[in-house]
Amino acid sequence: MEIQSPLGMQDILPEDVPLWKKVESAMHRICALYRYSEIRTPLFEFTSLFTRSVGEVTDIVEKEMYTFTSNTDSTPISLRPEFTAGIVRAYLQHSMHKQKAFQKFYAFGPLFRRERPQKGRYRQFHQFDIEALGSYSPYLDAETILLASDFLNELGLKEYKISINSIGCPACRAKYREALQNALAPRIGELCQNCQARYERNVFRIMDCKSEKCRAIAAGLPPIQQKGILCDECRDHFGKVFSILKATELEDRVNTFYAGQTTKAPKAKSIPNPLLVRGFDYYTKTTFEFTYSSALGSQDAILGGGRYDNLIEELGGPKSGAVGFAAGIERIILALKDTKTQLSFKKLPKKIPIFIASVTEQEQKRNQEQDTILRDAVFKITTQLRRDGRPADMDFENRSLKAQMKIANKLNYKYVITIGSDELKHDTVKIKNMNTGDEKTCPRKYMLEYLNGYDIVNLAHSESKEIQRLNEFLDLYNKAISLHQSGNENGAADSLNEAEKILIELKIDDAFLLSELYGFKGTVERNIEKNEEAENDLIESVKKNNEYALIWFVLCTVQKKLGKEDEAIKSFMKAYEITGDAWSDWAQREGNKKYFPSEFLERLKSEVEKQYVYDASGTQNVKNSMNK
RNA sequence: GUGGGUAUAGCUCAACUGGAUAGAGCACCAGGCUGUGGACCUGGGGGCUGCGGGUUCAAAUCCCGUUACCCACCCCA
């Protein structure tokens, strides 16, 4: 055939499209949890935007951009080689910073760079991009890293590694540049030609060089964390980012070179890239990169980003900080194909978003130490809620409680969790209903269940005469949770029966709500050995909503207990159809373990393998379904 | 490509038809309120009046040019 696509252009053929859609839907879902809003910017911008932001002496600007001028207009324009510049431009052009200084965006779409194509690298490629604009908070550095890791987890990619580094502020970088040049000076002749040129122009890039010789030399260079290079502020910031990540139990994935002198350094399994620098000029302080080595060839970076505290100002905005990252979709798709990950998504019930506020003292009484403790707690709870699949957000600017409440109100949050010193002391949280102003204190460990209860009321019918009875229902439901958690299953069953009466009285036919109620009832009755009743309740619930996986899981455990192993397998397969491999997490959750003894787990596994096969695109297909 | 209209704070609009430090509502920030949002009150930040030139003692206002946007037409579908 004569006509081919230009070099480096790739068609996404119908067989691959489902996989792309899964990646996109994971992206939307995770961004919803972290409360980022989608933004779409043009495919091309004035060339000067990129030269100013990405940097004059970068490979991208020097030789990789597709730049052209139109017939009537002499100002050169370029196809976007990255997202950040365009998004910051839009943020400033529409004066979004004057509305609300701090905003979180995400974007998805094609980008263009004229590189030599290779595996996982194309001239038109796609990225998923995140930008949090208008804040210096180290919690945001941590948040973006967590978001990235949740995104990959959601896709079932488990083998990624995270490298984190700090490249300091411009002052630190100047110092570091000098240190590097001094270290390299005696060996300059040994560097490749390219790097000899880089020595003067952009010495940091020598660390990215692919040539063996340069890599060996780069490995011996002083790391930026060497004493005396990073200023106090940069070092403290990095230490804080790291301690926040540590509190979220992400640190075992992180291979980093730790800067802090005062805080204890976390264990680092290995140091694959302690000299991580980034290709763009605008980065400051934190930089990070996620790598996924198997099957990606030499292009093993799937995601990279960092902080850029000077870019907004350089593009004509106010002085303000920002963090972001971009993930290469083509490479993620390759990784997914390689792992044959079982991709399918949980049909989760809709959860109401929660805002978490720290109860700071009055201005005069505030002390920094206490504020930090509260903020850490707030961030931890925010993370916990997001991991439970609930959209959640917090304030990053250390504002007063009043200001935080104002934000929550403005953004239409129906519930706000407040954490103050009292709550910390008693290990509780306060949940405030923003419509009624009511506040309820709830033990921290039952927080998720309580919030599920609020979902029920909010998702049920909202006619005014029903509201009061529904709130009574919610109280009974909450009471049942407490009783169930404290082991009083009989008491829980009584409360649930009372609650059920309310639903019958109100003739409520909401599938989710009934599934939730009967699912819980089934669990409780199973625990008090009323196995037949439990099964009946669950079957009742299945009739209402058989797409709600939890019902099938619980039904499976009950049938297993009744000795109806074949029935149990069938229920399980139904749940599996809905959730995919998410079931294994559920089965291994404490409290569920005893219903899934290892031989039963094995049987489930082989049953799954018998019925489902995953093709290269990751699409879930029923085996042989075409033949039958 | 042709014709018309508009351009003032982040937004919507004022400013006696040439007059003094360009205002208001909304939005934003802070306080009134010792651990809490909406209502109210007080204060604060924010403007090269699109840009360049001209007339005038004096220009947001008048004149010329220019740019951007909107509408209609032409074209395209």
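In what follows, every chain begins at residue 1, and chains take the letters A, B, ... in the order their sequences are listed. No experiment lies behind these values; they were computed from the predicted model shown.
Between A:K351 and A:D455, none of the side-chain N atoms (NZ, or NE/NH1/NH2) sits under 4.0 Å from a carboxylate O, so this pair counts as no salt bridge. Between A:K479 and A:E498 there is no salt bridge, since none of the side-chain N atoms of the basic residue sits less than 4.0 Å from a carboxylate O of the acidic one.
By the side chain to side chain donor-acceptor pair (under 3.5 Å) test, A:H484 is found to be paired with A:E489, residues two or more places apart in sequence or in another chain being considered. Considering only residues two or more places apart in sequence or on other chains, A:H28 meets the ring pair (Phe, Tyr, Trp, His ring centres under 6.0 Å) condition with A:Y106. When the ring pair (Phe, Tyr, Trp, His ring centres under 6.0 Å) test is applied to A:F83, no partner is found at least two apart in sequence or on another chain. Evaluation of the side chain to side chain donor-acceptor pair (under 3.5 Å) rule for A:T67 yields A:S78 as partners, not counting sequence neighbours.
Separating the C1' atom of B:C64 from that of B:U55 is a span of 11 Å, rounded to the nearest Å. When the C1' atom is compared between B:A60 and B:U8, the two are found 7 Å apart, to the nearest whole Å. Taking atom C1' on both B:G1 and B:G47, the two are 37 Å apart, rounded to the nearest angstrom. B:G23 and B:C16: their P atoms are spaced 13 Å apart (whole Å). Nucleotides B:C13 and B:C51 are separated by 23 Å at their C1' atoms, to the nearest Å. Spacing between B:A59 and B:G52 at atom C1', rounded to whole Å, works out to 15 Å. A gap of 34 Å separates the P atoms of B:C57 and B:G46, to the nearest Å. Atom name C1', nucleotides B:A9 and B:C48: the rounded distance is 14 Å, in whole Å.
Summarising the geometry, the separation between CE on A:M434 and C1' on B:G38 is reported as 8 Å, rounded to the nearest angstrom. For A:E423 and B:G35, the CD to P distance is 12 Å, given to the nearest whole Å. One atom, CD1 of A:I417, and another, C1' of B:G37, lie 16 Å apart when rounded to the nearest Å. Look at CE on A:M405: it is 10 Å from P on B:U36, rounded to the nearest Å. Put simply, NE2 on A:H94 is 16 Å from P on B:A9, counting in whole angstrom units. Atom CD in A:E439 sits roughly 13 Å away from atom P in B:G35 (whole-Å rounding). Taking atom CZ of A:F355 as the reference point, atom P of B:G38 lies 14 Å away to the nearest angstrom. Rounding to whole angstrom units, NZ of residue A:K432 and C1' of B:G37 are separated by 6 Å.
Judged by distance alone, with hydrogens and angles left aside, the side-chain atoms of A:Q404 form a donor-acceptor pair with the main-chain N or O of A:R399 at under 3.5 Å. Panel note: side chain A:R80, backbone A:T41; a donor-acceptor pair is recorded below 3.5 Å.
B:U67 adopts an anti glycosidic conformation, its chi angle falling more than 90° from 0.
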Polar atom pairs between nucleotides 26-29 of chain B and protein, under 3.5 Å, N or O only, would you list them?
| from | atom 1 | to | atom 2 | distance (Å) |
| --- | --- | --- | --- | --- |
| B:A27 | O3' | A:K410 | NZ | 3.1 |
| B:A27 | O2' | A:Q99 | OE1 | 3.0 |
| B:C28 | OP1 | A:K410 | NZ | 3.0 |
| B:C29 | OP1 | A:R399 | NH1 | 3.2 |

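Each of A:F105, A:F151, A:F108 was checked for a ring pair (Phe, Tyr, Trp, His ring centres under 6.0 Å) with A:F128, and the lone residue meeting it is A:F151.
Annotated stems with RNA chain B as a participant read B:1-7 with B:67-73, B:10-13 with B:23-26, B:28-32 with B:40-44, B:50-54 with B:62-66, given as range with range, by first number; only runs of 3 or more Watson-Crick or G-U pairs under 3.5 Å qualify.
A donor-acceptor contact under 3.5 angstrom links the side chains of A:E131 and A:T84, judged on distance only.
The base of B:G38 is not paired with the side chain of A:N409 by any donor and acceptor separated by under 3.5 Å.
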